[in-house]
Participant: 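What follows is a structure written as structure tokens; I'll ask about it next.
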Amino acid sequence: MSEQNSGNSLRLSRRGLLQLGTAGILGKSLLSEPGPPTGATDVPRPHAPQYRFRVGASALNPDGPSVVAGIAIDGQYPGPEIRLREGSMLRVEVENTLPNEPTSIHWHGLLLPAAMDGVPDVSNFPIGPKRVFVYEYPLLQSGTYWYHSHWRLQEQIGMAGPFVIEARDEPLRVDHDVVVFLGDWLHRSPYAALQTLKENPKQLAAGARMANMKPDLADIQYDAFLLNGRASGNPWTYKARPGERIRLRIVNAAASTYFRLRLDGHPLTITHADGLMVEPVHVDHLQLGMAETYDAVVTLSASGSYTLHAVAIDGSGQAIGILHTPDATPKPNLEMPPFGGRALSYSDLRASVPTTLPQGPMRPFTLTLQGNMAKYLWTINGQAYPKADPLLISRGDRVQIELRNETAMWHPMHLHGHFFRVLQGAKERAPLKHTVSVAPHETVRIEFTADNPGRWFFHCHNLYHLDAGMARVFEYVL
Ligand code: C2O
Ligand code: CU
């Protein structure tokens with residue numbers, strides 16, 4: 001009691017001290033007295049979070065009657081849309097209400113301090129059961145991003161949502177600005193699906209396909225594909241007048257599905273790749289690897305209803321959305337669309353400003369992507385994470401990576417905490433991305449400057465490949 005009193009008195013004003021003295025004389029309990037009014041406003045308080053996420057077990061049924069035991073933020077999939085302005089401070093309080101499972105949130109594509117990156121055992125501790133963690137960092141960029149759990153397979157069962165940072169000076173003029181969030185959905189547990197992959201003869205088939213050099217397009221058979229959390233039976237719809245410009249912020253948040261996307265009867269103008277502006281490209285359709293984002297501007301040409309198709313590249317299904325004019329009722333076109341005409345390719349992407357890196361010591365890496373189908377192990381230079389060496393670099397290095405895909409599958413390779421240049425055609429305007437798709441049996445070159453010290457995950461964004469080892473850590477200190 002006396003220790004506590006003297007502790008308190010240290011922070012009191014002179015008037016407070018006098019009051020304290022009086023209280024002492026009167027022999028009242030100090031603890032039951034209201035505190036002195038002065039000084040209270042001097043106490044610094046943390047700013048309130050803009051978002052509070054409650055992570056918990058949720059019964060989810062985005063595609064109808066099949067209810068799945070998911071894990072979601074505030075019980076919803078996709079998670080709440082974060083929309084903030086460039087230059088502001090992000091503050092998200094995450095409460096893990098799960099009784100016995102950790103969680104985490106990774107802010108995909110964000111340039112943030114490593115300690116806010118949300119990768120258990122790489123940059124952060126996981127958020128334990130019944131624990132709260134506040135993510136807080138300044139937003140140094142603008143664009144279309146997303147967030148997701150980085151704990152095991154939680155992303156597959158509901159832990160993902162869109163994250164939009166509005167530019168301080170937005171050069172793009174549009175009438176509508178809306179997120180298109182793509183996902184894949186299972187009625188069974190993804191852990192069981194992964195176990196089946198480890199034990200099951202699909203491997204033999206995949207191995208045979210690998211020998212024939214035919215691409216192997218999917219590991220997992222999905223029960224549904226989702227657009228803004230809805231399956232094609234009950235699609236997302238959006239209204240705009242003819243002639244209005246609609247900015248679609250497209251995020252491939254699927255766990256292991258590549259999509260091809262097109263809008264019936266309309267070309268798409270690609271304005272941003274992975275959040276950052278590119279010189280506009282007009283295409284009829286585009287392919288998105290997992291974790292890639294593209295912004296596309298469309299203008300409805302005339303009164304009517306137009307279906308936006310996101311077709312899984314193995315052709316096993318599609319998610320749809322419907323853009324329609326106010327006078328037209330939304331009419332889903334459930335036919336699988338053809339993909340003729342012009343497709344977006346990386347060689348079309350030119351950054352809106354030169355992206356050449358500052359001079360720095362060259363640090364070349366050759367990283368070979370391989371798969372051991374008999375064991376369902378996915379490796380980089382023969383090692384499966386976490387039994388893998390860190391990639392040691394130094395601050396200021398110009399890190400050049402040659403990614404050699406020796407497998408029959410696509411691998412969307414993602415680097416945390418940095419953008420890299422994709423070295424394919426555009427020279428000084430090479431686009432900056434955080435995720436690069438490496439086609440079966442192809443080689444891609446990327447480079448980045450090591451300017452954000454820490455331990456940074458570099459991995460395949462196929463959740464099953466990641467869980468089965470296709471990851472490394474780039475590591476450097478101040
Ligand atoms: Cu979306 Cu480790 O990433
Ligand atoms: Cu992969």
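Throughout, residue positions are numbered sequentially from 1 according to the sequence presented. When a ligand or atom number is given, it counts from 1 through the structure's own listing order. What you are looking at is a predicted structure, and each value in this text was computed from that prediction instead of being measured.
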Participant: Given the rule in the side-chain contact (heavy atoms from CB on, under 4.5 Å) test, do L369 and M470 qualify, once you have shown the distances and angles that lead to the verdict?
Facilitator: CA-CA 8 Å; L369 312 177; M470 197 172 257; 3.9 Å; yes

Participant: Against the six-membered ring of F339, is R260 placed for a cation-pi contact (under 6.0 Å from the centre, within 45° of the normal)?
Facilitator: yes

Participant: Measure from the Cu ion (ligand 2) to each N, O or S atom of H461 and report whether any distance is below 2.8 Å.
Facilitator: no

Participant: If you consider just the N/O/S atoms, which atom of H411 is the closest one to the Cu ion (ligand 2)?
Facilitator: ND1

Participant: Can E101 and R152 be counted as an ion pair, charged N to O under 4.0 angstrom?
Facilitator: no

Participant: Of all N, O or S atoms in H465, identify the one at the shortest distance from the Cu ion (ligand 2).
Facilitator: ND1

Participant: Do any pairs count as a ring pair (Phe, Tyr, Trp, His ring centres under 6.0 Å) and have a residue in residues 385-413, sequence neighbours left out, and if so which ones?
Facilitator: Y258-W410, W378-H411, Y385-F457, H411-H465

Participant: Do the ring planes of Y238 and W236 sit parallel (below 30°), tilted (30 to 60°) or perpendicular (above 60°)?
Facilitator: parallel

Participant: Taking atom 1 (Cu) of ligand 1 as the centre, how many protein N/O/S atoms fall inside a distance shorter than 2.8 Å?
Facilitator: 3

Participant: Between D451 and R398, does any side-chain N to carboxylate O distance fall below 4.0 Å?
Facilitator: no

Participant: Flag the pair E402 and R404 as a salt bridge only when some basic side-chain nitrogen lies within less than 4.0 angstrom of an acidic carboxylate oxygen.
Facilitator: yes

